[in-house]
Amino acid sequence: MLKIYNSIAREKQTFVPIVAGKVSMYVCGMTVYDFCHLGHARVMVVFDMVNRWLRSSGFDVNYVRNITDIDDKIIKRANENGESITELTQRFIDAMNEDSDALGILRPDIEPRATAHIQGMIDMISALIEKGHAYHADNGDVFYSVNSFKTYGKLSGKSLEDLRAGERVEVDTFKRDPMDFVLWKSVKPNEPSWDSPWGKGRPGWHIECSVMSECHLGNHFDIHGGGQDLQFPHHENEIAQSEAAHDCTFVNYWMHNGFVRVDDEKMSKSLGNFFTIRDVLKKYDAEVVRFFILRAHYRSPLNYSDKHLDDAKQALTRLYTSLRGISSDAKHDEQDVSAINFKAAMNDDFNTPEAVAVLFDLANELNKTRDVKVAAQLKGLANVLGLLNRDPESFLQAGNADSDDVSKIEQLILARAEAKQAKNFAEADRIRQELLADGVILEDSPQGTTWRRA
RNA sequence: GGCGCGAUAGCAAAGCGGUUAUGCCGCGGCCUGCAAAGCCGUUUAGACCAGUUCGACUCUGGUUCGCGCCUCCA
């Protein structure tokens with residue numbers, strides 16, 4: 001029985017899908033005006049893990065992750081770069097896909113783009129106006145009237161009074177209430193626009209997700225995910241829009257992943273303390289990054305530093321080392337105690353740290369027994385998390401741009417073998433040290449010498 | 001100011017009202033020409049103060065500290 005921590009209920013709840021055996025899941029994806037950073041990596045990896053676990057539990061999953069390809073920052077960046085919005089967004093969609101592929105993320109079933117759903121947004125906004133939930137203001141914008149939605153604030157636990165009392169509510173004279181948010185922005189010079197009943201303009205941010213989820217998953221679906229920072233106002237506003245437009249519950253389970261932090265502060269664009277995925281991948285193997293994310297619980301904060309990545313690398317190396325020299329398939333036995341423990345952990349709100357601990361228990365058992373069945377168990381369970389898919393040697397020997405090339409390493413190993421043969425241990429040790437200085441560790445065994453990178 | 005989350009060993013990170021989490025690091029041993037890896041053993045816990053209980057890291061209350069949201073953000 002899968003339990004999910006439901007943000008809107010603030011507790012773990014047993015997951016019951018709307019349609020037995022099927023799961024409809026929508027995750028807020030990227031705004032494509034720049035490279036993805038580690039915070040984005042976390043959302044992608046976390047919901048990829050959720051997607052994989054649901055599928056391996058037998059659910060027929062329909063996973064939708066949107067792409068926001070029109071918004072203020074995109075327009076601004078395109079103008080700065082002197083390129084078209086289409087060029088800019090396509091460039092960063094391509095980059096996002098490269099990063100996501102590197103991290104071993106399965107593509108969502110559908111990746112809708114906001115600009116392909118303008119008509120749907122116009123339709124929903126019209127419906128909201130008709131029902132008295134939105135109004136066309138004097139400045140030409142269309143606003144959502146938060147007062148018209150009695151349960152506004154139920155997701156984030158905020159009340160309109162408290163929000164209005166907050167210090168940071170910006171005053172906009174065209175709004176009926178300071179908390180009203182924009183559904184449609186009237187056109188401004190040098191901005192893209194679409195025709196609408198309210199004149200030329202473009203959509204506000206929140207409406208796209210209400211429309212794209214409706215289009216691909218219907219008015220009412222199972223899981224909606226995203227980073228914690230989207231809980232308010234984005235997801236709160238989505239609920240207001242969708243539930244007002246459809247008169248039914250929008251989403252059954254809300255999932256929010258925790259932040260990636262740097263020095264105990266949230267990694268974010270505005271703070272400027274972010275690391276792009278591609279920069280991190282220059283230094284660390286993508287699987288190490290994936291493992292680093294998965295060994296923490298998805299709702300916990302995750303501190304990023306080289307030290308923590310190094311630690312994750314060491315740990316993952318232990319798993320791969322245990323698999324060295326054993327060829328097995330990646331099929332696990334569901335009845336084995338390890339699979340039972342793994343499943344219990346994953347079904348407890350996707351407790352990947354505990355699931356990963358099961359992998360280490362198996363690695364220990366494998367090191368002792370060298371049993372092919374244990375190897376298959378380890379690989380099979382790890383694969384559910386998108387880990388340990390590679391040949392161990394290729395992981396252990398993977399280098400980067402400035403690594404020594406393999407032929408040089410093999411030559412030195414050969415020379416060392418000769419020295420050892422001649423009992424010239426001083427020379428043998430000298431070669432070992434020489435390679436070690438270049439980050440190459442040699443390991444002698446009765447079958448010969450193997451190597452890996454530190 | 002309003003709302004919420006957290007505090008676990010040297011570092012990271014989970015479960016659990018009483019029984020080894022797990023990984024890295026450290027230490028001792030086995031193994032090795034020497035190493036590395038591995039195996040065996042082992043040192044470090046539960047911010048603070050009360051309360052509940054036969055028994056609390058785990059439940060309750062308070063204190064302190066940290067973080068997040070309330071503005072674009074994954």
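Please read all numbers here as calculations on a predicted model, not as lab measurements.
- Using a 4.0 Å heavy-atom criterion, one finds that A/A315 contacts the sugar-phosphate atoms exclusively.
- A donor-acceptor contact under 3.5 Å is formed by the side chain of A/R432 with the base of B/C34.
- Of all nucleotides listed (B/A37, B/G38, B/A74), B/A74 comes nearest to the side chain of A/N257.
- Considering only side-chain N and O atoms, A/K269 lies nowhere under 4.0 angstrom from the phosphate OP1 or OP2 of B/A74.
- In this structure, CG of A/D310 is placed 17 Å from C1' of B/A13, rounded to the nearest angstrom.
- In this structure, A/K423 reaches neither bases nor backbone, as no heavy-atom distance under 4.0 Å exists between it and the strands shown.
- You'll find that the side chain of A/E443 is closest to B/A35, out of B/A35, B/G68, B/G15.
- Side-chain to base pairing of A/D162 with B/G1: no donor and acceptor N or O lie closer than 3.5 Å to each other.
- Between A/A426 and A/P301, the residue anchored nearer the 5' end of RNA chain B, judged by the nucleotide with its closest heavy atom, is A/P301.
- In this model, the phosphate group of B/A14 is approached by a side-chain N or O of A/S300 to a distance below 4.0 Å at OP1 or OP2.
- Comment: A/E427 engages A/R430 in a salt bridge, judged by a side-chain N to carboxylate O separation of less than 4.0 angstrom.
- Straight-line distance from the CZ atom of A/R416 to the P atom of B/A36: 13 Å, rounded to whole Å.
- Rounded to a whole angstrom, the distance from the P atom of B/A12 to that of B/U8 is 8 Å.
- Base pairing analysis places B/U43 opposite nothing; no Watson-Crick or G-U wobble pair with both distances below 3.5 Å involves it.
- Across all strands shown, B/G55 forms no Watson-Crick or G-U wobble pair with both distances under 3.5 Å.
- For A/R202 and A/D72, the salt-bridge test passes: some basic side-chain N is under 4.0 Å from an acidic carboxylate O.
- Base pairing annotation: B/G38 forms a Watson-Crick or G-U wobble pair with B/C30, both donor-acceptor distances under 3.5 Å.
- When heavy atoms are screened at a 4.0 angstrom cut-off, A/H256 is found touching no nucleic acid atom at all.
- Nucleotides B/C25 and B/C3 place their C1' atoms 40 Å apart, quoted to the nearest Å.
- Nucleotide B/A74 holds its P atom 13 Å from the NE2 atom of A/H224, rounded to whole Å.
- A/R299 comes within 4.0 angstrom of no nucleic acid atom, judged by non-hydrogen atoms across all strands.
- Across all strands, A/D311 comes closer than 4.0 Å to base atoms (heavy-atom distances).
- At the heavy-atom level, A/G29 lies under 4.0 Å from the strands shown only through sugar-phosphate atoms.
- Of the P atoms belonging to B/A45 and B/G51, the separation is 25 Å, rounded to the nearest Å.
- Residues A/R164 and A/D177 are paired through a salt bridge, judged by an N-O separation under 4.0 Å between the basic side chain and the carboxylate.
- With a 3.5 Å ceiling on both atom-pair distances, the Watson-Crick or G-U wobble partner of B/G1 is B/C70.
- Picking from B/G23, B/C70, B/A21 the nucleotide with the shortest atom distance to the side chain of A/K158 gives B/C70.
- Within the nucleic acid shown, A/K73 comes within 4.0 Å of sugar-phosphate atoms alone, with no base atom in reach, counting heavy atoms only.
- Look at CG on A/L436: it is 10 Å from P on B/A36, rounded to the nearest Å.
- Closest to the side chain of A/L163, out of B/C39, B/A74, B/C70, is B/C70.
- Looking at the side chain of A/P353, the nearest of the listed nucleotides B/C69, B/A37, B/A14 is B/A14.
- In summary, A/K373 and A/D336 do not engage in a salt bridge, as defined by a charged side-chain N under 4.0 Å from a carboxylate O.
- OP1 or OP2 of B/C69 lies within a sub-4.0 Å distance of a side-chain N or O belonging to A/K266.
- Going from the C1' atom of B/U63 to that of B/U53 covers 23 Å, rounded to whole Å.
- With distances taken from any side-chain atom of A/P233 to the nucleotides B/G23, B/C72, B/C67, the minimum falls on B/C72.
- If you look at A/Y5 and A/Y253, their ring centroids are not closer than 6.0 Å.
- Distances from the side chain of A/R318 to the nucleotides B/C11, B/A14, B/C24 place B/C24 closest.
- Look at A/K185 and A/E191 and you find no salt bridge, because none of the NZ, NE, NH1 or NH2 atoms lies under 4.0 Å from a carboxylate O.
- Residue A/N351 is classed as a sugar-phosphate contact, given heavy-atom separations below 4.0 Å to backbone atoms only.
- A salt bridge does not link A/K307 to A/D311: none of the charged side-chain nitrogens sits closer than 4.0 Å to a carboxylate oxygen.
- Nucleotides of RNA chain B nearest to A/S156 and A/S445 differ in position, and the one nearer the 5' end is that of A/S156.
- Of the listed nucleotides (B/A36, B/G23, B/C39), B/A36 has the atom at the smallest distance from the side chain of A/R452.
- Residue A/V260 is classed as a base contact, given a heavy-atom separation below 4.0 Å to a base.
- Remark: the separation of the C1' atoms in B/U19 and B/C57 is 15 Å, to the nearest Å.
- In this structure a side-chain-to-backbone donor-acceptor pair under 3.5 Å is present from A/N66 to A/G29.
- With C1' as the reference atom, B/C72 and B/C16 are 41 Å apart, rounded to whole Å.
- The side chain of A/N367 places no N or O atom within less than 4.0 Å of a non-bridging phosphate oxygen (OP1 or OP2) of B/A37.
- Within the shown strands, B/A50 is the pairing partner of B/U60 under the Watson-Crick or G-U definition, both distances less than 3.5 Å.
- Phosphate proximity of B/C25 to A/Q314: present, with a side-chain N or O under 4.0 Å from OP1 or OP2.
- For A/T321, taking side-chain heavy atoms from C-beta onward, the closest of the listed nucleotides B/A37, B/G38, B/C11 is B/A37.
- For B/C40, one of the phosphate oxygens OP1 or OP2 lies less than 4.0 angstrom from a side-chain nitrogen or oxygen of A/N364.
- Pair check for B/G6 finds B/C65; Watson-Crick or G-U wobble, both atom distances under 3.5 Å.
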Any chance you could lay out the ring-ring contact (aromatic ring centres under 6.0 Å, His included) test for A/F181 and A/F143, step after step, and finish with the verdict? CA-CA 5 Å; A/F181 56 91; A/F143 292 102; 8.9 Å; no
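- With distances taken from any side-chain atom of A/D444 to the nucleotides B/G33, B/A13, B/C39, the minimum falls on B/G33.
- Distance alone, capped at 3.5 Å, places no donor-acceptor pair between the A/R42 side chain and the A/I293 backbone.
- Using a 4.0 Å heavy-atom criterion, one finds that A/F425 contacts the bases of the nucleic acid, with or without backbone contacts as well.
- Separating the P atom of B/U44 from that of B/C11 is a span of 15 Å, rounded to the nearest Å.
- The phosphate of B/C5 (OP1 or OP2) has no side-chain N or O of A/R261 nearer than 4.0 angstrom.
- Nucleotide B/G17 forms no Watson-Crick or G-U wobble pair with any nucleotide shown, as no partner meets the under 3.5 Å limit on both distances.
- The same atom, P, is picked in B/G18 and in B/G23; the two are 22 Å apart, to the nearest Å.
- Across all strands, A/M44 comes closer than 4.0 Å to no nucleic acid atom at all (heavy-atom distances).
- Note on A/L230: only backbone sugar-phosphate atoms sit closer than 4.0 angstrom, heavy atoms only; bases stay farther off.
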